[in-house]
Trainee: 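Sharing a structure here in structure tokens format.
One is the number of the first residue; the rest follow in order along the sequence.
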Amino acid sequence: MSADVRDILELERPPTPEVTKEALLSTKKKQYPERSKTTKRPEGMHREVFALLYNDNKDAPPLLSTDTGVMTGYKQTKARLGMKKVRKWHWTPFTNPARSDNAVFHHWKRISDEPKVYPFAQFNKQLSIPQYSITEYNTHLRTNQAKWSKAQTDHLMELAKRFDLRFAIMADRWDRKTHGLKTVEDLKERYYEILGILGKIRGIPEKKIYVFDAEHERKRKEQLKKLFERTAKQIEEEQMLLNELKKIEARKKERERKTQDLQKLISQADQQGETQQTPSTSRKQDKKLNKKKQLNQTRPSKVDSVVSAVESAGIKFTDLRGTGVSLRSQKMKLPANVGQKKAKALEQAIQEFKVDPSPPPTEEICLAFNELRSDMVLLCELRTALATCNFELESLKHQYEAVCPGKTLNIPISLVTPPEDIKPAESVIDVVGTPHQ
């Protein structure tokens, strides 16, 4: 120890502190830094709503508007006191340019501040409601007087300008004694009809023309009302039917799987039955078959497999039979059983024929686009089958010339396809393997 070394060298050492009873029996707890208090989100309140109540420092939001700096915020933890004089405030009148009645209000303001426009006037946003002349109304906007008259149309446009297209408030403020009863759907239909007609006759290309289907909106609200007014018994019955539907679909998939397995077993049994023969005849024919195999060592033909692949070509798009809301564009998604090679070849075919890969998913376009892609897959597989058949013909020709020297097998021109008419191997779906391997 350092104290022992100092004793040996006869050096002075600092005095050792005395051990007291209080030091031995000290029960003073170790002080730990206080943890930052976290405000717990109240139960039942959504996370997004709770995030609006506090800032990063978990300070309460201000009750009044402030013009202080961004770094200091609307309040300061410590008051900055000094020897300077306090800035003077005075009760100042001001006007709001968003108001049209020239009303004068007062608020406190520093004398040193420069005069500014009332800051809340920038929130006065008003929609541009179209106006029409008498000539435009008589020429283009006149309709059946029993449905909409000139006075009713003027009253509608006045309410639209007054309440900024809040159609529920417009329907509530509608003058029923003078103009009769009109629903929210009637007001929307007439307003957007006027908006579309004026946009067409005035030739405003940058504005979109809206079309409102009032009948569809009425049916939608009626269906929502029926859905909302369901009893507990009806909800339970619907859930039971959905469970039964899931069971039926599961049993259907199980039957299809068993059918496919049975078909595979039958096809394998047929192939084994064709190759197997009786023992007596097989022994006699073994030597002949061996000689023929030695003379004619040809590779197995791929035409049959290609033909079977072409017969089952195409894409089978499944129907969306799930419950709830779904996008119509889901109908255009490729099924899961489509391989990566087939998907890549389909993408190349779409680029080759300059087809839009993601058209607008209307009902007619979805059906036509799915049929087009199925035909494209069939076309690519037909190209593969054609290339395989040409390769088989060439192989048979070379085999014939090898077996029969001096003779040439003339293949008819109708059976031979020029090489330039066949797409390269990169753009063809590899169904049974590349024949040039």
Side-chain angles (χ1 to χ4, degrees), residues 236-279 282 299-350 357 361-389 391-392 425 427-435 437:
E236 184 179 356
E237 182 181 0
E238 181 182 358
Q239 188 64 34
M240 182 189 67
L241 292 175
L242 292 176
N243 295 333
E244 290 294 330
L245 177 61
K246 291 180 180 179
K247 293 179 182 178
I248 292 172
E249 291 179 351
R251 288 196 294 266
K252 181 181 177 182
K253 291 180 180 179
E254 184 67 20
R255 286 197 301 269
E256 291 178 354
R257 187 182 63 81
K258 290 182 178 180
T259 304
Q260 291 178 358
D261 296 341
L262 183 60
Q263 289 178 354
K264 289 180 181 179
L265 293 174
I266 292 172
S267 60
Q268 291 176 2
D270 293 340
Q271 292 176 0
Q272 292 177 0
E274 292 177 357
T275 55
Q276 291 179 355
Q277 295 179 354
T278 58
S282 62
R299 67 180 186 85
S301 177
K302 297 182 179 179
V303 176
D304 296 335
S305 59
V306 171
V307 171
S308 62
V310 170
E311 289 177 355
S312 62
I315 305 175
K316 295 182 181 179
F317 292 89
T318 57
D319 295 333
L320 298 175
R321 295 182 179 179
T323 58
V325 181
S326 61
L327 296 175
R328 193 183 290 116
S329 59
Q330 296 293 323
K331 295 182 179 180
M332 298 193 299
K333 290 185 65 176
L334 292 175
N337 57 358
V338 177
Q340 192 173 9
K341 290 184 178 180
K342 187 178 290 187
K344 185 176 180 181
L346 179 60
E347 182 181 355
Q348 291 178 357
I350 289 175
T362 61
E363 190 70 28
E364 295 81 4
I365 291 178
C366 286
L367 294 175
F369 189 60
N370 291 341
E371 292 178 1
L372 176 63
R373 289 187 292 177
S374 181
D375 294 341
M376 284 182 177
V377 171
L378 177 60
L379 174 62
C380 294
E381 294 187 353
L382 286 174
R383 288 173 176 173
T384 305
L386 181 60
T388 305
C389 291
F391 180 75
E392 290 287 336
S427 62
V428 177
I429 298 177
D430 190 1
V431 180
V432 294
T434 306
Q437 291 177 351

Trainee: Among residues at least two apart in sequence or on other chains, which ones pass side-chain contact (heavy atoms from CB on, under 4.5 Å) with L379?
Mentor: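 Testing L379 for side-chain contact (heavy atoms from CB on, under 4.5 Å), a comparison that skips the adjacent residues, returns F353, R383.
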Trainee: Could you tell me if the side chain of I350 sits less than 4.5 Å from the side chain of R373, heavy atoms only?
Mentor: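 A side-chain contact exists here, since the closest heavy-atom pair is under 4.5 Å.
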Trainee: To the closest 0.5 Å, what do you measure between NZ (K342) and CD (E381)?
Mentor: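 Spacing of NZ (K342) from CD (E381) equals 5.0 Å.
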Trainee: Going from CD on Q260 to CG on L265, what distance comes out if it is rounded to the nearest 0.5 angstrom?
Mentor: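 Going from the CD atom of Q260 to the CG atom of L265 covers 12.0 Å.
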Trainee: Enter the distance from M240:CE to N243:CG here, rounded to the nearest 0.5 Å.
Mentor: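 Here the interatomic distance stands at 9.0 Å.
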Trainee: Could you check if a side-chain atom of K258 sits within less than 4.5 angstrom of a side-chain atom of R255, using non-hydrogen atoms only?
Mentor: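 Answer no - side chains too far apart.
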Trainee: Identify the heavy atoms of C380 and A345 that sit nearest to each other, and give their distance.
Mentor: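 Heavy atoms only, the tightest pair is SG-O, 4.4 Å.
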Trainee: Quick one: CD on E244 to NZ on K247, what's the gap to the nearest 0.5 Å?
Mentor: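 The CD atom of E244 sits 5.0 Å away from the NZ atom of K247.
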Trainee: When rounded to the nearest 0.5 angstrom, what distance separates CD in Q239 from CG in L241?
Mentor: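 The CD atom of Q239 sits 9.5 Å away from the CG atom of L241.
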Trainee: Rounded to the nearest 0.5 Å, what's the gap from CG on N370 to CG on D375? Could you check?
Mentor: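 If I round to the nearest 0.5 Å, the distance is 11.0 Å.
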Trainee: Please enumerate all residues that pass side-chain hydrogen bond (donor to acceptor under 3.5 Å, both in side chains) together with E254, with sequence neighbours excluded.
Mentor: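 With neighbours one apart ignored, the set is R257.
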